[in-house]
Every structure is written in structure tokens, then in C-alpha cells.
Amino acid sequence: MNSKYEAVIGLEVHAQLLTETKLFCGCSTKFGNPPNTNVCPICLGHPGVLPVLNKKAVEYAVLMGLATNCRINEKSVFARKNYFYPDLPKGYQISQYDLPVCEAGHIDVDLSDGSTKRLGITRIHLEEDAGKSIHDQAFETLVDVNRCGVPLIEIVSEPDMRSAEEAYQYLSKIKQIVQYLSICDGNMEEGSLRCDANISVRLKGETKLGTKTEIKNMNSFKNVEKALNYEIERQIELIEDGGKVIQETLLWNADLNIASPMRGKEEAHDYRYFPEPDLMPVIVSNDWVKEISENLPELPEARKQRFTSEYKLPTYDADILTSSRDLADYYEEVAKVTADYKSASNWIMGDILKVVNETKTSIKDFSIKPVQLGKLINLINNNTISGKIAKDVFPFMLKEGKDPEVIVKEKNLVQITDSSAIESAIQKILNNNPNEVEQYLSGKEKVFGFLVGQVMRETKGKANPKAVNDILKESLEAKRK
Amino acid sequence: MLNYKNHQEKLEKIKSGEISLSENVKHFLKNIEANKKLNAFNFVFSEDALKDAELIETKIKSSSSCGKLAGMVIAIKDVLALKDKPLTCSSKILKDFVSLYNATAINKLKEQDAIIIGKTSCDEFAMGSSNENSAFGPVLNPVDPSRVPGGSSGGSAVAVASECCDAALGTDTGGSIRQPAAFCGVFGLKPTYGRVSRFGLTAFASSFDSIGPFTNNVEDASLILEVISGKDCLDSTSADIPVPDFQKLLDDVNLASGDYNGKPRIGIPKEYFGQGLNPEIRESIENLIGKLKTSGFEVKEISLPHTEYSIATYYILTTAEASSNLARYDGARYGYRSSESHNLKQMYTLSRSEGFGKEVKRRIMLGTYVLSAGYYDAYYKKAQKVRRLLKNDFDNAFSEVDLILTPTTPSTAFKIGEKSSDPLEMYLNDIYTTSANLAGIPGINIPIATSSEGLPIGLQLMANQFNETALLKMSYYIQKNLL
């Protein structure tokens, strides 16, 4: 970014709530069912139907408000947003307008320069999702109404972000929080988390806002950062060349890495909002807020702090382990079985996350259960197996799902700690390798490693490596005299 | 002529064998056929009604208990959803639409063993005061077929007045039950907003719409109201307020002695007796007021000072809600789609232009306008404030009186075509009825007299929210003692 300028970015994030049923009817919210099967006269907008509010969705919105330090409005009001589109059966979307359920919150994000920045949240409101129009079929356009009426919260930020990085961190934090709260699965690729951005640029020190553009259709975290950087650069170049930014909506094209003006949809839509007469105002009493807040889980920031104090983990480890609630849960399950917290952290951040990422599985469904990992670490620490053997046991656990001690027994991998057994193996190797012994004694101590390897091979890797080291050294030194 | 005076008597006579329910239904079907030219029905369910009659007659005669409305033959306005039957709202845009479900009020009728004989015509989407705005043609007044029956529930009023059924359900957004009841000379009750679930009532103006009965007597109106009322988990705006046994309450009115324990105080709002009120109607109403005074009722003049704003307020708010409620009829998923449309915009504009009638389009445009950016505050928002003032008027009035008595309409039934070219004059026909919808209070039309031309004259009683009890008891008293 041209250092004379700064960007001003605000994000509107839509999160699909993980309720069993839709916001205003009893239809399933299940993703991936055949088109137009999760429907009823209510979500199809048949004549005479009325919406009935799903209480769970209100709870989820309040949870999000509490987790982001918002004020929970005792009274909020649904409003109709009127526009015509084939995937909007009623011709209006039931949303909230001047009285949303939550207002005036904030979250803190960590930035790459080590600083922390507080970013404001203007409001969080509840609304229903629209259906899906499918344009690329043999027919002209098909409509799938399954998604129609699925509950969403829209989280609107203050225009507090000054770079694509800050926006990225904000979005990551929002995703982390909704996942911690188990109110949204946070999957941008599948559209359960969606993000639109408002962007303008201005000279540093300027207090007035520049003309903004809106970017839509950024359906991955990577795309959000790319699209924002693209648009910031575009606006700066435009201004530097003496041009003016036009207020417009742009669509991000992830294939071409460009944002182009949205076509076919009128700008400056008049949505004719008015209070939804079919629904009573939503009343969230203090008692209800209290009840909901009792279900508020430990949030990422607090959990991270606790991981450093309770498990004495470095901040780096705590950061990664608490990045998702499932991963942190996994870690804590392991920590219940073994007191070697750092090893547990190392195993998870290393071997386990590697497999999870490679196989694109979720840690929740991971074939090695936390108890099993804990047991594996304990087998190392009580000298039943070596760390090296443990690395061999791991793939078997992964494949067979068996407990580590069962695998160790089946494969006869119990460590040899009996020093006489190790001594006789060493004796045999020294006898078989007189040249190497000679070299060692003449000062070429590099061959020590070779000899250790030979001993380990002789014991099929089961010898305690430290014992092998000690006894081998002793035996060799003894030959010097 | 029917050989029973109300449903209670009908039921007793069926039990005793004096009346055959099947014959009774056949009699109604014959009358429907004979009155076909009145055009009251959009659909008649002869086979279903006859089948139901047989089943329900057996049920009534057997020892097993039968429903409160067992054997009552009811017609329903074609804006109410009846499963597997057409739901047209008298509009071309829903000409071939079939409902997948029952309205809650209809379910309740059926649970109490009522017989649904057919669906009645109305003004398209319940928008009108003359029943001339129907895609199926105008409905005629049985008293004088050159005149309108009133609207929008004209078909329901005509069905009852011409003896095609025992009772009918209509809907009332600004007088659509009371006004046609007055024009046709039957009882028409608009309950408190929220008393009866709106689930399955095709919305015109959601914060105004109420479902209520047309009947030949107060007893049947009370009975039907009792059955269709109550909190419904499918309608968030339905009230969780106990439903009284309205019929039983009527017994409180001691008719033999002409006594009425705890006599209600009656208010006469001066604003309802100004210019534009037909002198014959004024005379009839004043006549009745005189009788009430003679009977020892406390009658006093009251003021509802914001009355003059009611029509303007009503037409801003109802059209705003209607413009949104009717957006779903767009040709995309169901209903009429223009065969001329070749792209999305054409599908919308042509389907809606061809599918909706003139009055509906006028109201959609009005409503769209008052909600538009730049006009919202001046129209919609201001009208909401005036609605609150009108409600306050009634709150004040009901601190002084228990009931408010007014004419139902400023004129008797007018000639077909007489007002259809002038929407403003047509709208003014609702001048005495819209206030009850703006305030959400109940109102009833009581047929009290006929004009020199032989046309029915109606009296309106209004009560405070959820005080249908006072309304029905007083109506019953008038029906029994003063008519």
C-alpha cells in the first residue's frame, strides 16, 4: 500500500445459525438435501401463512452478542426488506432494521506486529436466508428453496479496519467465536459464513471518509485478503491518477483475481423497510440473558490465557491449540490422561495436525482418540517405549485405531532397559566392527553414531537409546585404557 | 324458510328427528342453485357437504358427543385456506391455485362438526366495498339485485341473506364484514384483532385483518366466535386471552323481565352523525337510541376527536402492508404467469399487470409509494402516529362508556357501478367501520330496520378490546327486545 494512504474497511458478516429448524417454520435446515425438499407452505410463501419465531435462533444471536461485548436490546423488532427475486418467495426478507437484537460491541484482534487492536461491532441482527438461484443449467434458471428461511445473524462492524490484514484477523476472530459458541460451522467455502466488505481509502491524517465501494462474493478467507488488497490498490491508483472512486458494488472474481462492477442489479435499491406486522417485538428479558450467559462457553482469548497458565504452554502453542474449540477440547482431553503437557502439545501441533490437514478431516473425527494419544505419551515417559518407537506406533494407531499398549505388545516393541541385555548387544557390535572401534579410539568420534545405530538395529530399535549411549561410551572408553 | 331459529334449536330438531340434516343441506344447495345469478359463490362443495351431512347426522343421533357446531352449514370467504380446495381470493392471479392446508379457523369449524358448503366471492384480495372487484364478476344484493351487496365479504353476506347456508365466515380489514352485513340485512361480527388466528387468512393488511361470522342471529354469531377464537401457535399475533363461553353469557340477559343486570353505558360519538349520513339511517338509529333510553340504559354523547383522519390513516397503512403482502404473487412459483414473458422482468411486470385487477394495482402502487425512501416519514410513519391517537380516542371513550353505538354505513346499498369510477367516494363508505380496525377493537352490525326503498339499515356496536362479551350481550338484548 502506498504509505501516504490508509484504507478504511468495514465488514458485514453473515453467519448461518446451526439450529435444527428454520427461523420461522419447522422445516429442517439440513445442508445438501435434494433441492426443494426442506420446504413447507410457510417457507414457500403460500397465501395465508404466517411466520413464528424460532427461539433458539434468538438465543444464538444473544450468545454472539455476549461473546462480542454487545449490548443486548431488551426489545428488538423484525422488519420487512422488500425486493423481488425468484429465490425470495414472499417478495420480502424478514430481517431487523432500526432495532436489532445486539448493538455496540467490540472484539480484540492480534496483529502480525505483535500489537492488539480493538475493532468495533455496530450491530448484530437476525434475519432469514434466501433460497438459491441456479443459472448454469440447461433450463434458464432453477430455484432451490431449501435454504429459504434458514436463520442468519448479520454482524456489522464499525469502519475500524485499516488494512486487509486487520480485516482478515477480524474475520478469523469472528469465525473462531461462532465456532466456539457452536452457533455456526464457519465454513466460508460452503457459504455458512459469508462476508461483504465496504472499502474506501484516504490520505493518512484525513478524518473525512473517502467514497466507498462494496465487494461481495469473497467466498474464502484467502479471497477476502486478496480482494481487499486488490481494491485498496485500485482506489489508490485511481486517486493518484487524478480519478475519483465511484460508489458501486463489485463482485470478486476468484479465477481472474479481479473485482468487477455488479451488473443487472440496480444500485441504490429502495427496500421499503417497515416493521413486520406478523411478528411481535422480540423481548429478551434480563433473566433470559442471564440464562443464556450461563451457557456461554469459555471464549478463545480466555482459554488461550488459561492454556499458558494451567498447562505452562508457550503462547505460540496456546495460540494454535485454542484456534478452534474442537482442537482445544482435544488437547484438554489428552491433558487429562498425561501430565506431560508440552509433549501433548508437540504431538498435536506436529504429527496430528499434519494428518488432519493432509486428509482434511476434522479433529473431532480423528481416528486417534485423545485418551490414546495420552497413553502413548505416558508409554514414552515411563520408558516402556522410546520416542522413536512411538513414532512407529503412531501410524498403526492411525490405521487400526487400537490403543498404543496393545500395538506395542502385538508388535513386541517393549523397550529393552535391562542393561545386561544391552551390554551383550554392544559387545557383539564392538566385536563385529573392530575397524570402527579403532577409528573411534584414534579420535574419529563421528563413528559413535554409526555404532549406536548398529546396536539399535541389533535390538530391533527396542533398546532404551539413553542406556545404549551411556553403556556404549563406557565400553569404548574402557578400551582406551 | 328455515324451521329453526338458531343453531341450538336446529341441533335439537336433528336429534329428535324433526329435521334431516341431509335434507337441510339439499335445501341449501337448491337455494344456491336458484340464486346463482347473485354470484355469491366461487365454489360449491355439494358432494363433500352431502357426505359430511350423513356422517354428522349419524354422530348427532348416536350417543357419542358431537361438536358444538354439529350440522351447522357454513360458507367461507375465498380468502381462507381450505385444504385441497381452490384459494383464489377472487383474483385471476390465483385462479388455479389449490391450498395445501387448512386455515386454523377452518380447522376449528371442522373439529366442531360444521359442514363447509362452499367458498364465497369477495372483492379481489378483500380490497373493496362493493364486491364489484372480483375476477369472477360482481355479486348482487339479494334484496335488490341492481344494487351491490357491499364488500369485501359480499358473497358471504349474500349467502346468509339468501338462505344458502346457516352462517358464513368473512374477513374484516376496514369494515368488510360489517358493511356487507348492513347492506344485506344480516348480523356481521368483527372480533378483536388477535382474538381469532389469522393463519390461513390470505393477508391483505396484516395488522388489520380479522376473521368473523355472518349469521341470522346473535346466538349463532356467539357460538361461532367461541369456536374459532383462541391463541394459535401458528399466529404470533393471536392473543393468549381466555375465550369466554359467549353463548352461555347471553343467558345473563334476562329477557323475560327486560332486565339487564349491570346495564352497560352506551356512548354516541358525535363525529359519526355529521354530514353525509343518510337521513333515514339517522332516523332509525335515533329511534333505537330512544328505545334504549326508555329501557333504562345510560346513553351519552362522547367524542372520538380524530375520527376525520381515520380513512386517510387507514388507506396509508393498509396499502403499505398490502404492497408487501401481495409481492409473493409474482408468477415465479405458483399462480398466474403471463405467457408473454420471456425474461425475469417481463415475468414480474406482465404476470402482475395481467393477473391483478385495477383496484388491487391501485392499492399496491399507493402502498409502494408511502413506503418509499423520502416519503416514509411523511406518510407511513405519520399514519402510525395517528393510528395511536385514534386508539387513544377509544381508550378514553371506554373509560366513560362500555359500548359505542353508531350507524354501520353512511348510506344503504348503492347501485352497481354507481361508485366504481370514483375510488374516493367508494372509500368513504367505510367511514364508520375503519376505526375499529385501526384500534383493533370488536364491532358488530345489527340489522335494525329497512328504508323506504326496502333496503336494510344497520347499526354498529363497538366495544373495548376483548370485550366481545358486552358487545354480544347488548346485541342479543337489542335483537330480542327492541327489533
Side-chain angles (χ1 to χ4, degrees), chain A residues 24-26 36 39-55 78-94 97-98 130-131 133 135 140-145 148 264-266 268-283, chain B residues 79-81 87-89 94 97 99-104 125 197-203 205-209 232-238 317 320-321 323-335 342-345 347-348 352 367-376 380-381 384:
Chain A
F24 299 119
C25 66
N36 299 313
V39 293
C40 72
I42 298 174
C43 53
L44 287 170
H46 277 204
V49 298
L50 296 169
V52 174
L53 179 61
N54 182 339
K55 210 176 146 190
F78 281 100
R80 291 188 186 175
K81 179 180 181 178
N82 295 286
Y83 66 95
F84 284 96
Y85 209 66
D87 59 23
L88 190 71
K90 298 190 296 297
Y92 55 85
Q93 178 194 30
I94 304 178
Y97 189 52
D98 43 14
S133 295
H135 300 289
E140 284 181 63
T141 292
L142 298 176
V143 174
D144 178 5
V145 190
C148 231
K265 207 173 180 184
E266 269 178 82
H269 242 305
D270 183 358
Y271 290 118
R272 291 174 282 120
Y273 279 100
F274 73 103
E276 165 60 282
D278 288 333
L279 289 166
M280 306 301 270
V282 186
I283 303 297
Chain B
V79 296
L80 297 166
L87 173 55
T88 71
C89 303
L94 284 176
F97 183 78
S99 179
L100 295 176
Y101 70 98
N102 275 335
T104 299
F125 286 102
S197 166
R198 291 185 295 116
F199 189 76
L201 154 60
T202 308
S206 313
S207 69
F208 292 77
D209 298 340
D232 178 13
C233 61
L234 294 173
D235 176 3
S236 316
T237 63
S238 66
L317 296 177
E321 292 183 13
S323 70
S324 174
N325 282 331
L326 272 63
R328 67 191 62 192
Y329 312 112
D330 59 3
R333 293 156 305 273
Y334 59 78
H342 300 294
N343 59 43
L344 186 62
K345 201 171 173 193
M347 181 181 78
Y348 288 148
R352 288 168 68 82
T368 305
Y369 179 79
V370 300
L371 286 176
S372 297
Y375 299 99
Y376 181 89
Y380 182 83
K381 211 169 166 189
Q384 284 289 30

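Computed from a predicted model, the values in this text were never measured in an experiment. Order of the sequence lines fixes the chain letters, A, B, ..., with proteins taken first and strands second; residue numbering starts at 1 for each chain.
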Restricting to non-hydrogen atoms, name the atom on [X] and the atom on [Y] that form the minimum distance, rounded to 0.1 Å.
X: B:R333; Y: A:L88; value: NH1-O, 4.1 Å
X: B:E321; Y: A:R80; value: O-NH1, 4.1 Å
X: A:V49; Y: B:Y101; value: N-OH, 3.4 Å
X: B:S324; Y: A:Y92; value: OG-CD2, 3.2 Å
X: A:H46; Y: B:R328; value: O-NH1, 3.1 Å

Which distance, rounded to the nearest 0.5 Å, do you find between the [atom1] of [X] and the [atom2] of [Y]?
X: B:N343; Y: A:T141; atom1: CG; atom2: OG1; result: 10.5 Å
X: B:S323; Y: A:F274; atom1: OG; atom2: CZ; result: 6.0 Å
X: A:L50; Y: B:T237; atom1: CG; atom2: OG1; result: 6.5 Å
X: B:T368; Y: A:D270; atom1: OG1; atom2: CG; result: 9.5 Å
X: B:D235; Y: A:M280; atom1: CG; atom2: CE; result: 9.5 Å
X: B:S236; Y: A:E276; atom1: OG; atom2: CD; result: 9.0 Å

With a 4.5 Å limit on heavy-atom distance, are the side chains of [X] and [Y] in contact?
X: A:F84; Y: B:R352; value: yes
X: A:P47; Y: B:Y334; value: yes
X: B:S372; Y: A:R272; value: yes

Between [X] and chain A, which part of the residue has a heavy atom less than 4.5 Å away: side chain, backbone, both or neither?
X: B:A373; value: both
X: B:F97; value: side chain
X: B:A320; value: backbone
X: B:Y376; value: side chain
X: B:L201; value: backbone
X: B:L344; value: side chain
X: B:L80; value: neither
X: B:C89; value: neither
X: B:S197; value: neither

Let's test your reading of the structure: which of B:V370, B:L326, B:N325 forms the most heavy-atom pairs below 4.5 Å with chain A?
B:N325

Quick one: does A:Y273's side chain have a donor or acceptor within less than 3.5 Å of a partner on B:L371's backbone?
no

For [X], is it the side chain, the backbone, both or neither that has a heavy atom under 4.5 Å from a heavy atom of chain B?
X: A:I42; value: side chain
X: A:P86; value: both
X: A:N82; value: side chain

At a heavy-atom distance under 4.5 Å, which candidate from A:C25, A:G45, A:P89, A:P41 has the highest pair count against chain B?
A:P89

